[in-house]
Structure formats: structure tokens, C-alpha cells
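The block underneath contains the structure these notes are about, expressed in C-alpha cells.
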Amino acid sequence: MATDDARTYSSLVTEGTDRAPNRSMLRAVGFDDEDFRKPIVGIASTWSNLTPCNVHIDELASHSAEGVEEHGGKPLTFGTITVSDGISMGTRGMRYSLVSREVIADSIETVAGAEGFDGVVAIGGCDKNMPGCLIALARLDRPSVFVYGGSILPGFRKGEDKPLDIVSVFEAVGQRAAGQIDDKELKEIESCAIPGAGSCGGMYTANTMASAIEALGMSLPNSSAQLAVSKDKREDCRRAGEAVLRMLETGLRPRDIMTREAFENAITVVIALGGSTNAVLHLLAMAHAAGVPLAIDDFTRIGQKVPVLCDLKPSGKYHMAHFSRIGGLSPLLRMLLDAGLLHGDCLTVTGKTMAGNLEGVEPYPEDQDVVYPVDRPLKTESHLRILRGNLAEDGAVAKISGKEGLRFEGKAVVYDAEEDALRGILDGEVKTGDVIVVRYEGPRGGPGMREMLGPTSAVMGRGLGKEVALITDGRFSGGSHGFVVGHVSPEAAAGGLIALVENGDPITIDASADEIRLEVPEEELAARRARWSPRPPAETRGTLAKYARLVSSASRGAVTDADL
């Protein structure tokens, strides 16, 4: 029988003669007398059939509910939204993607707070689901577990053994523009790259964030490396329901787990995996929700000692399915712990420490080449570089694998919207040696900070990956690669120097010195500043307008409650 401490919130809804109306409502959705003596656990489902990332999450939610019931709790399942980045990518609809992170967080907090849930299991699939769920769990600070919906299997063209994914399709668009493939081949790639349920299959944002959350301690061991359509993933969901009940018994809460050291573990794992630049934005926001001081310069500090170990897409060779097949995240965590790169004493949702979870974990098979040894890394320092300079006084985030070089000097080709940049790339306006500048796409200016997967994929598809650079006050998909710099802060809409760049201006990007500079004399910049005036808001009503008024700089995680 649950203790009163385990029913801290639900007892306020269900106990006493004056709560007869509340109980009456709950009886109508399946409660009986016995259920009113159980802890109530909310199952936050991001199910939707609008994207393969989330199309199976209703089934996963049912397994978590079963786990709760089997271990003495009463589950109540509720829904929240998802936005498909892959479907909205390249359109004005993509402005809603980052906004959806806040909507998800607000909705989970709202339902759990209003209904008196004692604990929560949150299940996410597409990119913004995961940080959205974790922001809510940190705010609520009630016993909670996050479950990742799992990664998709790679697709294959008939008669070929090269694995495909959504980035393959985006890059095929660039190949078609360059005349390297025809319409028939583009259609074949389009038709087979996404074979079923699950999140995009490389170390893109979804798999990056799932791994970071596991390293943070907020999901069960190896939850991040299970395939969406696997028995392991269904069992993971059931065990999450059980884990929440144990947390209720012991009083373990998210903020006990989401400590400064735990966030350092998450950053370490993102770097070792070669993960998405979006992890910077999301981990800052998650730490803010948990009341943990974290800054973009922490990524630089940690990145100086943590190597890139995993040969995973987009810059590498393998998909998440290959990583899962050789053992998933746990052996990597063990490697990092043994190398002194993880805080082993951090608590996790199992009730054990990180080191405790990793006891007895077997190493990767000797014949695999997905994960490299710590003493023989793919890259000795982080691929995520925090750049500063006159063009990004508050910082910018670059993803430098080393394959594209460490320094780029070129002339600016300026576009004030993603669509214009994509057209310019596909139409051949962009030439070798250019620095593509895409601005007014920041958190406030977009509004919504769109991802630039279309332009970066077009660059790669046209064979310009090592020949041009792209900088933006927007952001990049986890599938983006090449010499790319995003999150430029201050953004153009806030009067950042990126707003003053003109065609032909020389720009220097130095990933060794972590510097990005507009090489224009100060007198000229002062004259341009005097001529510049802010643009009218891109939106004046609705969700995007509200977001633009509230959102902070990307260098602070683009949070919407920074000054509250």
C-alpha cells in the first residue's frame, strides 16, 4: 500500500468528504475505491500520426501504464503536441518547431499540476519532445522518468546496401540540382529512406538528446539506444512505470538527479557521440528549468578534455541502429567513467548512481569500428565549438568534425531568409570561397529559430561542403554537417552585428581559436549602425508573436521565462 508521502499531490484531490465531486469525476474514467488509495502517475504521451517519430508512442504509453499498474500505482494517460521537424523543414511552418518545446513543457506542467499527479512518465519522439518533457519534469520536481520513443531503422534502395535516412533525401535534392541524379532516382530515395516508426536514424538531434538525457540520469540504462520497433523498447516503457513507483517510495525527485555534475555528464556524452548543436540550446534550457547554472562556455571547458569517439552520421559512417547493435550507450558511459571523464556519483532514476548502473557492463565487441577507444579518438577535442568575436559577442555554436577544416576565410553572400538562401544555393549564386549568411532567423527574428537543414544539405548535395561556409542566427538540424556556424548572438533582430553584414564583406571563422570575425573597419561598421533600424515584428498576433516577445537569446537557451 502506498504511503501518504507517495500521494502528496493526489491526496489533495481524492481525500475527504469535500472531495466527493472530484472522486465522482474520476470514477467515470475508471477509478474504483481501491484506486483512490494509490499514487496517481501521469503518462505524458506525445503520440501523433503526423510523424514517424511519434506514430507508435500511444502503444508505448500503454506499456508504461501497465508498468505503473503492476507496481501499485494508478496511471492516467494524457496527450501533448508534437511538431515534425522533417515535414516542416524548409517552410515557414518550421518557425513553430522550437516554439513547440515550450508548448510541450507548459502543457505537461499544466496537466500534472492541475490534476494532482504524484509522478510522471513522459514519452517523447521527435526533437523538441525530449527537452520539452525534461523542462516540465524539472519544473514540477515530482518523481519522474523520461522514455525515448526510439530510433528508426535505416532505409535501403532496392538492390543496394547503403543505408538511407531523412538527410539522404535532403542531400538528394542538392544532387538533383547539380544534375548528379534524375527525378526517378530522387523519387526512389524519397520513397524508401523512411521505412517506419522511430526518430531520425543518425546521431541527429533526437538521438543526441535521448543520449544526453540518459547520461543526465533521467531515463533508464540504454533507453536511448533502443530501436522504436523493438521488444527492448516496450520493456523499457514498462520498467519506467515501475521506476516511478520506486522513486515515489524513496522520495527521489528530478532535481536530486539534474545537478550541475549531471549536466556535465550530459555534455560529455554529447561530445563523445559527435552529437547535434541543438544539444547546446536544449541543455541550457533544461538546466535553467532545474535551477542549475550552466553557460555556453561550459561546453568549451568540457570540450577541451573530451574527445569525439563515435563514427556516427551525419559526419560519420554509421546509424543509431549500428550503435544499438553493438551494445548502445552503456559501454560508452563505462569507457568515459573509466577514463575519469564522468561523475560516477550522480544519482539516476534507478535509485543507483551512474557508477552503480554501469557495474558489470561489458565492453563493445573488439571487431566493431563504430566507437573508438579513448586513447585513439576520431577527434581529440570537441566538435562543438563556441565561437566569439565581433560577429558573435554573446557566442555562436559551430559543429566542426575536422573533415571540413578548422579555418575558413571568405566573402559574405547575404540572405535575409532561409528560402532565399536555399534558392541561391540551388541556382548557383553561391560559389567556392563564399560565406553564406542567413539572418533574421533567430529566436526573436524568425520568430522561432528555424533549422537550416535544407541549405546545408543543398551545399553538401552540390559538392560544396568543403568549399563554402554558412553562418546564421538560426540553428541547424542535427543532420547538418559541413563548415556551419549557428546560434549567432546577438541575433539580427536584436541589432547584432550580423544585421550589418553586406555582400562581399570578408569573414573569418577560426575553430582553433574559437573566433568568428567580420573583417570590416570600425568606422564603416559605425556608419552602417547609424543607418540601421529594427525591423517591424514578423508576427503581431498568436503563438509566434507571444514567443518573440518572451524569448531570450540563443546563448541563454532561448528560454521563455528568463526574467520571471
Side-chain angles (χ1 to χ4, degrees), residues 167 170-171 174 178 274 276-278 280 314-315 379 382-393 395-418 420-442 450-489 491-492 496-520 554:
V167 176
F170 277 98
E171 292 185 358
S276 168
T277 54
N278 281 312
V280 178
S315 299
K379 192 171 185 290
S382 177
H383 63 302
L384 297 177
R385 314 300 299 190
I386 306 301
L387 309 183
R388 292 185 185 273
N390 68 345
L391 199 46
E393 292 181 355
V397 182
K399 185 178 184 181
I400 307 295
S401 71
K403 296 178 181 179
E404 58 285 285
L406 297 175
R407 184 181 174 90
F408 196 98
E409 297 179 43
K411 303 292 187 180
V413 182
V414 182
Y415 300 99
D416 286 350
E418 178 188 355
D420 294 340
L422 180 60
R423 175 195 52 75
I425 296 164
L426 295 177
D427 289 352
E429 289 178 2
V430 174
K431 310 292 185 185
T432 295
D434 286 342
V435 178
I436 306 163
V437 179
V438 189
R439 63 191 179 191
Y440 291 102
E441 292 286 7
R450 288 194 287 179
E451 293 180 347
M452 302 293 150
L453 182 56
T456 58
S457 296
V459 165
M460 299 304 293
R462 289 189 67 89
L464 295 171
K466 296 182 179 180
E467 314 301 329
V468 303
L470 191 155
I471 69 172
T472 180
D473 53 7
R475 58 196 175 93
F476 295 110
S477 162
S480 295
H481 56 127
F483 213 111
V484 297
V485 181
H487 307 204
V488 171
S489 301
E491 62 175 291
L497 192 63
I498 191 172
L500 307 183
V501 180
E502 296 181 359
N503 287 323
D505 284 349
I507 292 175
T508 299
I509 306 166
D510 189 335
S512 296
D514 292 336
E515 189 173 43
I516 180 168
R517 292 196 58 80
L518 178 64
E519 307 290 359
V520 172

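Predicted model, so just to flag it, every value in this text is computed and none were measured.
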* Could you point out which residue of Leu518, Val413, Val488, Val414 forms a side-chain contact (heavy atoms from CB on, under 4.5 Å) with Val437? =>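 Exactly one option meets the side-chain contact (heavy atoms from CB on, under 4.5 Å) with Val437, and it is Val414.
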* Asked: For the side-chain contact (heavy atoms from CB on, under 4.5 Å) test, which of Val435, Leu470, Ile516 pairs with Val485?
  ->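 Filter result, single survivor: Ile516.
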How many angstroms lie between [atom1] in [X] and [atom2] in [Y], if you round to the nearest 0.5 Å?
{"X": "Leu391", "Y": "Glu515", "atom1": "CG", "atom2": "CD", "answer": "10.5 Å"}
{"X": "Ile425", "Y": "Asp420", "atom1": "CD1", "atom2": "CG", "answer": "11.0 Å"}
{"X": "Tyr440", "Y": "Arg450", "atom1": "OH", "atom2": "CZ", "answer": "15.0 Å"}
{"X": "Ile509", "Y": "Arg517", "atom1": "CD1", "atom2": "CZ", "answer": "13.0 Å"}
{"X": "Glu409", "Y": "Glu519", "atom1": "CD", "atom2": "CD", "answer": "7.5 Å"}
{"X": "Ile400", "Y": "Asp510", "atom1": "CD1", "atom2": "CG", "answer": "10.0 Å"}

Using atom types as modelled and distance alone, determine if a side-chain donor or acceptor of [X] lies under 3.5 Å from a backbone N or O of [Y].
{"X": "Asp514", "Y": "Arg388", "result": "no"}
{"X": "Arg439", "Y": "Ala492", "result": "no"}
{"X": "Thr277", "Y": "Lys399", "result": "no"}
{"X": "Thr456", "Y": "Leu453", "result": "yes"}

Taking all non-hydrogen atoms of both residues, which atom of [X] and which atom of [Y] are closest, and how far apart?
{"X": "Thr472", "Y": "Arg475", "value": "CG2-N, 4.2 Å"}
{"X": "Ser382", "Y": "Lys379", "value": "O-NZ, 3.0 Å"}
{"X": "Ala178", "Y": "Gly461", "value": "CB-O, 4.3 Å"}
{"X": "Leu422", "Y": "Gly454", "value": "CD1-O, 3.6 Å"}
{"X": "Glu429", "Y": "Tyr415", "value": "OE1-OH, 2.8 Å"}
{"X": "Gly433", "Y": "Phe408", "value": "O-CE2, 3.9 Å"}

* Would you please test Thr508 and Arg407 for side chain to side chain contact (heavy atoms under 4.5 Å, CB included) and show each step? => CA-CA 8 Å; Thr508 299; Arg407 184 181 174 90; 3.6 Å; yes
* Could you go through the side chain to side chain contact (heavy atoms under 4.5 Å, CB included) check for Val167 and Met460 one step at a time? => CA-CA 10 Å; Val167 176; Met460 299 304 293; over 6 Å; no
* Asked: Side chains of Glu502 and Val520: closer than 4.5 Å at any heavy-atom pair?
  ->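 Of all side-chain heavy-atom pairs linking Val520 with Glu502, none is under 4.5 Å.
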